[in-house]
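The structure under discussion appears below in the form of structure tokens.
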Amino acid sequence: MSRLGLRLLTSLFFLSAAVSPVTAQPAAPVSEETVHEVAAQLRCVVCQNLSVDDSPSEMASQMRAIIRDRLAAGERPAEVRQYFVDRYGEWILLSPPRRGFNLLVWLVPLAAVGVGLVTVAVLVRRWTRHLRDHRPTRVDVDPAMSERIRREVDSGP
Amino acid sequence: MTVDFGYGMTLVALVLAIYGAAAAAVGARAGRPALVESAQHAALGVFVLITACFALLTYAFLTFDFSVRYVATNTNLGTPFYYRITGVWGALEGSIILWSWMLGLYTLILILRHRDSARELYPWALATMLGILAFFLLVMTIAAPPFQRQVPVAADGRGLNPLLEDTGMITHPVALYLGFTGFTVPFAFAMAALITGRVGDTWLVLTRRWTIVAWYFLSLGLLIGGWWSYHVLGWGGYWAWDPVENAAFMPWLTATAFLHSVMIQERRRMLKLWNIVLVILTFGLTLFGTFLTRSGVIASVHAFTQGSIGALFLGFLALVMLTALGLVAWRWEALRSQGELDSVVSRESAFLLNNVLLIAAAFTVFFGTVFPLLSEAVRGVKVSVGAPFFNQVNVPLFLSLIFLMGVGPLIAWRRASLENLKRNFLWPVVLGVAAAAAAFVLGVRSALAVLTLATTVFVGTTIGVDFVRATRARLRVGEALIPAVGGLLRRHNRRYGGFVVHLGILLIALGVTGSHAWSVQTEATLRRGETAELAGYRFRFDDLTAVEESNHFKVVGAFTVSNGRVLDVLRPAKKFYPQEQSPIAYVDYRLGLKEDVYLVLGDFARDGTQATIKLQVNRLVSWIWIGGVVLTLGALLAILPERRTA
């Protein structure tokens, strides 16, 4: 609770410090698209798990204003993002940057899919072994037919 | 008085549940039916006692009995009648009562249904149910007692969490909990099968429908949760990948995997081990979900409290998983089955892939949800894993799953011939490609949207082709159209129930794609009489009024929406509750099949001359709810007792 309270206070402080100098300048037209793009990747600091883009809270609305103003002042989206990361830490990004330890969160699911697919491939191979083993000896099948079966078996996904 | 009485009943119920679990187990081991019967009576007693606790707590809510701490923290004199009832399960302690009550209810149904039909498995299943029920009663007595004295008795209570003041409060938690607790029954039978060594098909046949029932309620709970999020939380979305949403989604994924792989076991006597693991996993994930929700280890909109309850749940989860997996290891030999496939290209393979993808999705959700904890433990750095991550990783998985949804049901069991493939997939592929081309020509440039559209049309056509063909076959033997369709649905209710569920998923996929690809939003600060524009709609700020409600103060804006002609007056509001620091947004919207107009009131001038609003035009979102209705109807069809012609 106190941690949240502290974060609230600090964010209020940073926001008030941040809003005043930038909003003083007349804003050049900024594409709302870009504002959404940046806002969607940032976490609203007073909500849980909502992006700055989505959150209906006032804090989020102020954060959107900061994004708009900084973009208008000529900053690139990456710089605006960095501005928030510098103030709040990585925590502000809704999707962890793909480097260092954070690579894990991206790679482990990928590895899991890979392991799953390989397991199924191995199992299916094992379970169809009897087809390959018995192919020559079994009943005398018309060669065209057995060729077709082989084709189908081999052309599996 | 209320507190002593309620707490006393909880204690007695706990003792009875422990006794019942032990009696059922001993009765099963020693072959003494009298003991099992005694356990049944104990189960009935437990259910009656929990019902009484529930009624007592509800009575305390209705009569504003602030001598009960739980009542005092979750209601106040202004809380309206309806929310005094739903408020009973509005927080941790009450939700545990609801949970136990449902568990007790499922136990009774299990007794009634299986008392005579499954002599060997039944007593162990009963023992498992009562054992789990005892754990929840233990939570109710030591970790989160709803009956606790408030000293001194408060003159007025704190009040319910305002976000819970919604009609959805009766349906969302109830459906979700019926889903969660419902998975206890398949788990209990899986345990019974492992303990008795009867790991054949009996337990599977007994629990298949139970699983669909639980799956039905869980799906319903998730969908209503989405609707709630959309129309109450005011952020214009329906799914935030919040840890608690994830917690409910993970068992849904594993249960869905089970509902598919169970068919392979029925047909081919394969995957015994895998199916039992899926049931255990699903139940484990429901406990894990409760742990996440209740412990506050992961920050979430749903996190109620932080307390000892987390450790208790984690301990129980560990106990359950170790016991279950220990039993699996013990029965390893009996569970191993020599699999044999007749071809690589077969429905079996499609189902195996389906399982890999579903489990991978569940794992991804799990890993992403706990990763912040991992990062903090290892690096000491707080990170967030939110929607952008989950969408990016899961979308390819879900898209592949939808594709398989078209392939799986129509590809032949055992071995698919070229004829089979051509016969079933020629038209779907043609139409899918045509849909993609049409979308491109019409100006859709999002690759993901085009791909989803093509896949959806492909799968939709496979379902249509199958249905038309089966109906035609019936018409050919002289049936009329309506009886033919009805008979088809009724006789093959599991197959066609599944198809209807798939159709529902397709509609949901379209809605999700549409809302992500084509929704637009903007913000505007308007003076009275000024208008803002978005996507062809004009919004005029008419006025701002303040209203005093029984338990809060509300500022309502009026905005006239028009697109050439006046469509509606939307009244988004901000509610100020004395017990809350920040106001709660109350959105207003106009739903449509093509798009919703969605309005959130932001900042406003005190004199009512100026207001900031967030305007959204959300595309195709209604199809998510329509798809949800279709999906649940399909699940209901699949639940119907089977009536196949010989």
Side-chain angles (χ1 to χ4, degrees), chain A residues 1 4 32 36 40-41 43-44 46-51 53-61 64-65 68 89-97 100-102 104-106 108-110 112-117 119-120 123-131 148-149 151-157, chain B residues 233-237 240-243 270 299-301 303 339-345 348-349 352-353 355-357 359-360 363-364 367-368 371-372 374-375 378-379 381-389 392-393 397 415-418 520-523 582-583 585 587 600-603 612 614:
Chain A
M1 189 58 222
L4 183 69
E32 278 299 299
H36 295 318
Q41 294 168 23
R43 183 181 193 133
C44 157
V46 292
C47 335
Q48 299 293 357
N49 292 298
L50 279 188
S51 72
D53 195 31
D54 288 330
S55 168
S57 74
E58 258 153 62
M59 175 67 80
S61 163
R64 283 194 295 271
R68 204 169 286 129
E90 259 172 53
W91 175 84
I92 196 87
L93 297 175
L94 275 173
S95 162
F101 185 75
N102 287 335
L104 269 185
V105 78
W106 295 94
V108 168
L110 207 65
V113 175
V115 168
L117 289 179
T119 311
V120 162
L123 283 179
V124 168
R125 236 190 112 67
R126 184 184 299 162
W127 289 340
T128 49
R129 189 182 295 148
H130 64 107
L131 297 177
R148 216 186 84 198
I149 292 173
R151 242 197 348 261
E152 279 168 28
V153 168
D154 293 341
S155 67
Chain B
L233 297 185
W235 60 281
W241 295 104
D242 181 87
M270 290 160 56
S300 151
V301 276
E340 202 165 89
L341 293 182
D342 298 324
S343 164
V344 175
V345 187
E348 287 89 331
S349 302
L352 288 175
L353 273 181
N355 265 244
V356 166
L357 293 174
I359 298 306
F363 177 75
T364 303
F367 196 69
F371 188 76
L374 199 65
S375 168
V378 175
R379 287 168 72 207
V381 175
K382 257 180 149 6
V383 294
S384 304
V385 180
F389 168 82
Q392 218 167 342
V393 179
L397 291 177
R415 177 186 309 174
S417 66
L418 265 185
V520 288
Q521 57 170 303
T522 188
E523 275 170 288
S582 45
V587 296
V600 188
L601 182 64
D603 227 350
T612 303
K614 196 165 166 225

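Everything numeric here is computed off the predicted structure, so don't read it as measured data. Naming: A, B, ... by sequence-line order, numbering from 1 per chain.
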Proximal component of R126(A), with respect to chain B [non-hydrogen, under 4.5 Å]: neither

Backbone of P96(A) reached by a side-chain donor or acceptor of W106(A) within 3.5 Å: yes

Backbone of V381(B) reached by a side-chain donor or acceptor of S375(B) within 3.5 Å: yes

Top contributor to chain B contacts, counting heavy-atom pairs under 4.5 Å, from I92(A), V113(A), N102(A), L117(A): N102(A)

Best-contacting candidate, L93(A), L110(A), V108(A), against chain B by heavy atom pairs under 4.5 angstrom: V108(A)

Under 4.5 Å from any heavy atom of chain A - which part of Q521(B): both

Residue part contacting chain A, namely of L374(B), when any heavy atom lies under 4.5 Å: both

Residues in side-chain contact (heavy atoms from CB on, under 4.5 Å) contact with T612(B), at least two apart in sequence or another chain: T525(B), D603(B)

Atom group of V600(B) that falls short of 4.5 Å from chain A, counting heavy atoms: side chain

Ring geometry between F367(B) and F363(B) (parallel below 30°, tilted from 30 to 60°, perpendicular above 60°): parallel

R43(A) side chain reached by L94(A) side chain, heavy atoms, under 4.5 Å: yes

A585(B) versus chain A, the contacting section by heavy-atom distance below 4.5 Å: side chain

Part of V520(B) lying under 4.5 Å from any heavy atom of chain A: neither

